[in-house]
Amino acid sequence: MDWGNVTAEDLIDALREVDWSSPPRPLPEFFSRFTVPRSYAKWNSRLKCNLYYYRTNYFIMIVVILGLGFLRRPVAILAAILTALSIGFLNDSFAGTFSEKVTRTVRQFSPHLAAKMRPPLTPVIRGRPSAKRTIHICGRPRWVFVFVFSFVSFVLWYVSCGLMTVLWALAIALLATILHASFRTPNLKARLNTFREEFRAVWRNYSEL
């Protein structure tokens, strides 16, 4: 697949929909075969491919760097966790898995409360849903949890005075991610692990006919 044809919007959509529960790539593979891209097109294609293929490794690396920056600010650590959760809720797979695990835990103590945490049923007309499926978390629309967690994390950032710390740590983490994705030569597995984008590209090409 030619990653140069994959737009940034396609990559973001794929990262939102993909299952993030997959384990990270082995460290020997993650830190091997670094080369300089020969052109801007090669760099652009390599960057998108590595961001998708090593997404779990980059996420762990960012969390570790942020954690090192918050060793002396425990309140800032809690704020960072809530911020990460609010961002994670934007991913459909993460939101569904989080809701399922919380509901399962609550069911052990209160089955009646767990029943109320189930998402509402979508009406089906002629074998198809009548409206676009809305993601729910613990029986509530996703935007409710995103708003609440974001607001609480903002308050904790203000109380802990750790905003500059997170900005510096986040800048270092993002810079390390971009540098690695730019110079890590995609291997054969990374080139073959593109079925989602290939399907998206083929579907887009057929839809334009």
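- Between I60 and the options T56, V63, N57, a side chain to side chain contact (heavy atoms under 4.5 Å, CB included) holds for only T56.
- Atom-to-atom distance recorded for Y54:OH and R25:CZ is 7.5 Å, nearest 0.5 angstrom.
- The nearest pair of heavy atoms linking A176 to M61 is C-CE, 4.0 Å.
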>> What verdict does the side-chain contact (heavy atoms from CB on, under 4.5 Å) test give for T83 and F149, after you've listed the backbone C-alpha separation in whole Å, the side-chain angles of each residue and the deciding distance to 0.1 Å?
In response: CA-CA 7 Å; T83 302; F149 277 63; over 6 Å; no
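- Note: the hydrophobic cluster containing V75 also contains W168 (ILVMFWY, side chain heavy atoms under 4.5 Å, direct or indirect links).
- Note that the CG atom of L85 and the CD1 atom of I81 stand 7.5 Å from one another [nearest 0.5 Å].
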>> I'd like to know whether Y58 forms a side chain to side chain donor-acceptor pair (under 3.5 Å) with H180, so could you lay out the CA-CA distance, the side-chain angles of the two residues, the decisive distance to 0.1 Å, and finally the verdict.
In response: CA-CA 9 Å; Y58 293 143; H180 182 278; 2.7 Å; yes
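- The two residues S153 and A79 come nearest to each other via the heavy atoms CB-O, 3.6 Å.
- Contact check for F89 versus I137: side-chain heavy atoms found under the 4.5 Å cut-off.
- The CG atom of N50 sits 11.0 Å away from the OG1 atom of T177 when rounded to the nearest 0.5 Å.
- Within the model, atoms OG of S99 and CZ of F94 stand 11.0 Å from one another, a figure rounded to the nearest 0.5 Å.
- W157 and F154 have their aromatic ring centers separated by at least 6.0 angstrom.
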> R46 and T35: side chain to side chain donor-acceptor pair (under 3.5 Å), yes or no, with the steps?
Replying inline: CA-CA 11 Å; R46 176 184 299 185; T35 58; 3.2 Å; yes
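- Of all the heavy atoms in A169 and L66, the pair that sits closest is CB-CD2, 3.6 Å.
- S150 contributes a side-chain N or O that, together with a main-chain N or O of V146, makes up a donor-acceptor pair within less than 3.5 Å.
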